Undergrad: 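First, the structure itself, so that you have it in front of you.
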Amino acid sequence: MLTSKQKSFLRSEAHHIDPIFQVGKGGVSGTMLRQIEEALEKRELIKISILQNNEDDKNEVAKALAEGTFAELVQLIGHTVILYKPSVNNKRIELPRAK
C-alpha cells in the first residue's frame, strides 16, 4: 500500500506523462492487461484514458485495471487512471520513505 505522501509524489511525477493506453467500448480485456503489465515493467508509472464510449463505471474500470495488473491505483482524475507498479528489472522511481 502506498502512503498519501507517496501517492502525492507519484501524482507529481505523472503530471507530464501522456496516456499510453485507452479503454474504449470493449472494456478491459486480458490482452490489454498483459500489455499494461509490460508497460508498467518498463516505466513503473503510466496513465490510461477511459474513452467516452466506454459504458462501464470509471471507478470500476480503474479498479479492474489495478487489480488485473497487480498495480497500485495512484489516482483516478476525470477519465484518466494513473497506475504504479515497481519494476523488477527497470527500477527508476525512488519513492519517499513511508513513516
Side-chain angles (χ1 to χ4, degrees):
M1 279 309 278
L2 295 171
T3 65
S4 58
K5 184 177 180 181
Q6 290 169 331
K7 282 187 178 185
S8 177
F9 170 78
L10 290 170
R11 280 194 300 270
S12 69
E13 291 290 307
H15 182 72
H16 303 292
I17 298 174
D18 291 322
I20 58 171
F21 290 98
Q22 296 178 330
V23 180
K25 195 172 188 174
V28 178
S29 68
T31 304
M32 177 187 289
L33 291 174
R34 280 191 296 281
Q35 291 173 338
I36 291 171
E37 273 192 284
E38 289 171 12
L40 281 165
E41 173 58 30
K42 289 180 184 155
R43 301 171 185 232
E44 295 187 304
L45 188 66
I46 63 170
K47 279 186 183 175
I48 303 164
S49 290
I50 302 171
L51 300 178
Q52 297 294 329
N53 68 356
N54 182 285
E55 297 163 359
D56 302 322
D57 178 65
K58 64 182 182 178
N59 294 300
E60 291 299 317
V61 172
K63 185 177 175 186
L65 289 168
E67 289 176 356
T69 58
F70 305 101
E72 291 281 346
L73 176 61
V74 176
Q75 186 177 32
L76 170 61
I77 184 162
H79 287 85
T80 302
V81 179
I82 302 173
L83 294 179
Y84 169 74
K85 184 177 181 181
S87 175
V88 176
N89 300 314
N90 301 306
K91 192 84 176 117
R92 293 182 184 173
I93 299 174
E94 194 64 42
L95 291 175
R97 294 234 179 253
K99 290 184 179 179

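As the structure is a prediction and not an experimental result, all values here were calculated from the model.
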Undergrad: If you round to the nearest 0.5 Å, how far is CD of Glu38 from CD1 of Ile36?
TA: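 Between atom CD1 of Ile36 and atom CD of Glu38 there are 10.5 Å.
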Undergrad: Suppose we screen for salt bridge (Lys or Arg N to Asp or Glu O under 4.0 Å). Which residues come up paired with Glu13, at least two apart in sequence or across chains?
TA: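 For Glu13, no residue satisfies salt bridge (Lys or Arg N to Asp or Glu O under 4.0 Å) once neighbours in sequence are set aside.
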Undergrad: Other members of the hydrophobic cluster containing Val88, with the 4.5 Å side-chain heavy-atom rule, please.
TA: none
Undergrad: Hey, mind stepping through Arg97 and Lys5 against side chain to side chain contact (heavy atoms under 4.5 Å, CB included) and telling me if it holds?
TA: CA-CA 9 Å; Arg97 294 234 179 253; Lys5 184 177 180 181; over 6 Å; no
Undergrad: Between the side chain of Gln6 and the main-chain N/O of Pro96, is any donor-acceptor distance below 3.5 Å?
TA: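 Present.
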Undergrad: Look up atom CD in Gln35 and atom CZ in Phe21, then write down how far apart they are to the nearest 0.5 Å.
TA: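 Going from CD on Gln35 over to CZ on Phe21, the span is 5.5 Å.
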Undergrad: Please enumerate all residues that pass side-chain contact (heavy atoms from CB on, under 4.5 Å) together with Asn89, with sequence neighbours excluded.
TA: Glu41
Undergrad: List, one per line, each side-chain donor-acceptor pair under 3.5 Å for residues 63-82, sequence neighbours excluded.
TA:
unit_1	atom_1	unit_2	atom_2	d
Thr69	OG1	Leu65	O	2.7
Thr69	OG1	Ala66	O	3.4

Undergrad: If a pair satisfies salt bridge (Lys or Arg N to Asp or Glu O under 4.0 Å) and one of its residues is in residues 25-37, list it, with sequence neighbours excluded.
TA: Glu37-Lys85
Undergrad: With Ser8, which residues qualify under side-chain contact (heavy atoms from CB on, under 4.5 Å), at least two apart?
TA: Arg11
Undergrad: Strictly distance-based, threshold 3.5 Å: is any side-chain N or O of Glu44 a donor or acceptor partner for the main-chain N or O of Ser87?
TA: yes
Undergrad: For Leu83 versus Leu40, what's the shortest heavy-atom pair and its separation?
TA: O-CD2, 3.8 Å
Undergrad: Measuring from atom NZ of Lys47 to atom NE2 of His16, what distance do you get when rounded to the nearest 0.5 angstrom?
TA: 9.0 Å
Undergrad: Checking Ile20 now: which residues fulfil side-chain contact (heavy atoms from CB on, under 4.5 Å) with it, not counting sequence neighbours?
TA: Ala39, Arg43, Ile46
Undergrad: Restricting to non-hydrogen atoms, name the atom on Ser12 and the atom on Phe9 that form the minimum distance, rounded to 0.1 Å.
TA: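 Here Ser12 and Phe9 meet closest at OG-O, 2.7 Å.
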Undergrad: Transitively linked via ILVMFWY side-chain contacts under 4.5 Å: Tyr84 with Ile17?
TA: yes
Undergrad: Taking all atoms of both residues into account, what is the closest heavy-atom pair of Pro86 and Lys91, and its distance?
TA: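 Taking Pro86 first and Lys91 second, the nearest heavy atoms are CB-NZ, 3.9 Å.
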Undergrad: Answer whether the closest heavy-atom distance between the side chains of Thr3 and Lys7 falls below 4.5 Å.
TA: no
Undergrad: Enter the distance from His15:NE2 to Leu10:CG here, rounded to the nearest 0.5 Å.
TA: 14.5 Å
